[in-house]
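Structure first, then comments.
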Amino acid sequence: MARSEILVIGAGIIGVTTALALQRDGHAVRILDRKGVAAETSRGNAGAFAYTDIEPLATPGILRKAPKWLLDPLGPLSIPPAYALPLLPWMLRFWRASWQDRYATAVAAQASLMHQSRAALERLIADVSGEPLMRREGQLQVYEGEAAYRASLPAWELRRQHGVRFDLLQSPGALAEVQPGLSPRFTHAGFTPDWMNTVDPARWTEHLAQQFVAGGGQIDIADVRALRQVSEGVEVETATGSIRADQVVLAAGAWSHHLARTLGDTIPLETERGYNTTFPTASFDLRTHVTFADHGFVVSKIGGGLRVGGAVELGGLRRAPNYKRAETLVRKACDFLPGFDPQGGTQWMGFRPSLPDSLPIISRAPRADRVIYAFGHGHLGLTQSAGTAELVAALAARRDPAISLTPFDAGRF
């Protein structure tokens, strides 16, 4: 059998960033992925480091909206009717996570991870000369009318309590100073100046992978089937044979729970299927990342073009994409951004790995202490990648992590 000190399973943004952190901590590291670097969700996301998004999806009272989700298959959050029954166990955990006690705990934990991740990203950018791949243009979250704006204020107060900087804008003129050209239906907004984007999430992940390889790391294509802890390490079964390592980091995104099951762990991981359309040229002068909060989508710059995407469809890994969802978002973008030209777009769907409380798992496997879990970040994988990488490196070296990992422990389920 081949041997490697640490094997990282998954070459998305979490896996690649973690492998680089482990390598720079002195380990020999090898990455295994069934398709290659940034071949899945890390390739097509909106490119945002959304450090202001500390509120979990499971907010108090959210299940009152469940019937509406089922009735509107093209709405911002939907559940395909045929998937409602398989989703029921996850939804029950989601409902429990929305209770005030667990909600408050999740917000505090998310804020802690966001602060850690933001600082870690700045260290990483400096370490890999990554500034040319960053955009520091903030984010504008817009609202239609006084009522929608007022309804958002508790969430802004929550951000203030956790140290998030923002400005609240209460007139179309104030919005236009940040982002000219929006439809006049948008009258209020919140602007978060510290929000960052990468110029392209695929390019950023590939840049980190190049740094990893230049440092002596290895990235191989392999279909991992199972994990088994043995006396001298961890045995990784692939479609073409076995590989043994001293430790394994499982960072396979939405597929991670299948491999965790081979260790005897049942993880309630579901899939937020997100849709977008990328336009190669920017027909609208976008000056900041714009979030249409009540419509569940964003518009961001990607390279020299624009990406229109978002929405959440809790539909698992096997259902065929419903690209009508992407088309709905583009139609809305045409309404909301006068002059936007929806020609030449490329549609895409990605699988976001989602846990009921919106917190990732960053911990050793309960039944295999040589396996470290690093998955379940939902739509915040890019945002929390650098922070997760530093925390995993601490776990691998059996050092105390920078923040408490109790809220992110796999045993919480």
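The residues of the chain are indexed from 1 along the displayed sequence.
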With side chain to side chain contact (heavy atoms under 4.5 Å, CB included) as the criterion, how do His257 and Leu250 come out once you've worked through the C-alpha distance, each side chain's angles and the decisive distance to 0.1 Å? CA-CA 9 Å; His257 59 311; Leu250 178 54; over 6 Å; no

Using the rule given for side chain to side chain donor-acceptor pair (under 3.5 Å), can you reason through Glu55 versus His162, listing the C-alpha separation, both sets of side-chain angles and the distance that settles it, and then say yes or no? CA-CA 11 Å; Glu55 191 170 39; His162 289 280; over 6 Å; no

Arg228 and Glu235: salt bridge (Lys or Arg N to Asp or Glu O under 4.0 Å), yes or no, with the steps? CA-CA 5 Å; Arg228 182 170 67 256; Glu235 192 170 300; 2.4 Å; yes

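Remark: Glu157 pairs with Arg160, Gln161 by the side-chain hydrogen bond (donor to acceptor under 3.5 Å, both in side chains) rule, at least two apart or across chains. Here Asp285 pairs with Arg287 under the side-chain hydrogen bond (donor to acceptor under 3.5 Å, both in side chains) rule; sequence neighbours left out. Scanning for side chain to side chain contact (heavy atoms under 4.5 Å, CB included) contacts around Asp33 gives Ala11, Lys35, with sequence neighbours left out. Legend: residues meeting side-chain hydrogen bond (donor to acceptor under 3.5 Å, both in side chains) with Thr278, ordered by chain and number and at least two apart, are Arg307.
Comment: Glu390 does not engage Arg399 in a salt bridge, judged by the lack of any side-chain N to carboxylate O separation of less than 4.0 angstrom. The pair Arg102-Asp357 fails the salt-bridge criterion, with no side-chain N (NZ, NE, NH1 or NH2) lying under 4.0 Å from an Asp/Glu carboxylate O. Salt bridge status for Arg225 with Glu237: absent, with no side-chain N to carboxylate O gap under 4.0 Å. With respect to Arg135 and Asp200, no salt bridge is recorded, no charged nitrogen being found less than 4.0 Å from a carboxylate O.
A donor-acceptor contact closer than 3.5 angstrom is absent between the side chains of Thr288 and Gln179. Checked by atom type, the side-chain pair Thr328/Arg331 shows a donor-acceptor distance below 3.5 Å. Under the 3.5 Å distance criterion, with hydrogens and angles disregarded, a donor-acceptor pair is assigned to the side chains of Gln139 and Thr192. No donor-acceptor contact under 3.5 angstrom links the side chains of His289 and Glu137, judged on distance only.
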Anything under 3.5 Å between a donor and an acceptor, one on a side chain of residues 312-320, the other on a protein residue two or more places apart or in another chain? List them.
| residue | atom | partner | partner atom | Å |
| --- | --- | --- | --- | --- |
| Glu313 | OE1 | Arg273 | NE | 2.6 |
| Glu313 | OE1 | Arg273 | NH2 | 3.2 |
| Glu313 | OE1 | Tyr275 | OH | 2.7 |

Can you give the donor-acceptor pairs under 3.5 Å from side chains of residues 368-376 to other protein atoms, not counting sequence neighbours?
| residue | atom | partner | partner atom | Å |
| --- | --- | --- | --- | --- |
| Asp369 | OD1 | Gln229 | NE2 | 3.0 |
| Arg370 | NH1 | Asp246 | O | 3.1 |
| Tyr373 | OH | Asp265 | OD2 | 2.6 |

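Thr198 places no side-chain N or O within donor-acceptor distance of the main-chain N or O of Gly47, the cut-off being under 3.5 Å. Without hydrogens or angle criteria, Thr262 side chain to Leu227 main chain gives a donor-acceptor distance under 3.5 Å. Checked by atom type and distance alone, the side chain of Gln110 pairs as donor or acceptor with a backbone atom of Ser358 at under 3.5 Å.
In this structure, Arg159 is positioned above the aromatic face of Trp156, its NZ or CZ under 6.0 Å from the six-membered ring centre and within 45° of the axis.
More than 12 heavy atoms of other shown residues, nucleotides or ligands fall within 6.0 angstrom of atom CZ in Arg24.
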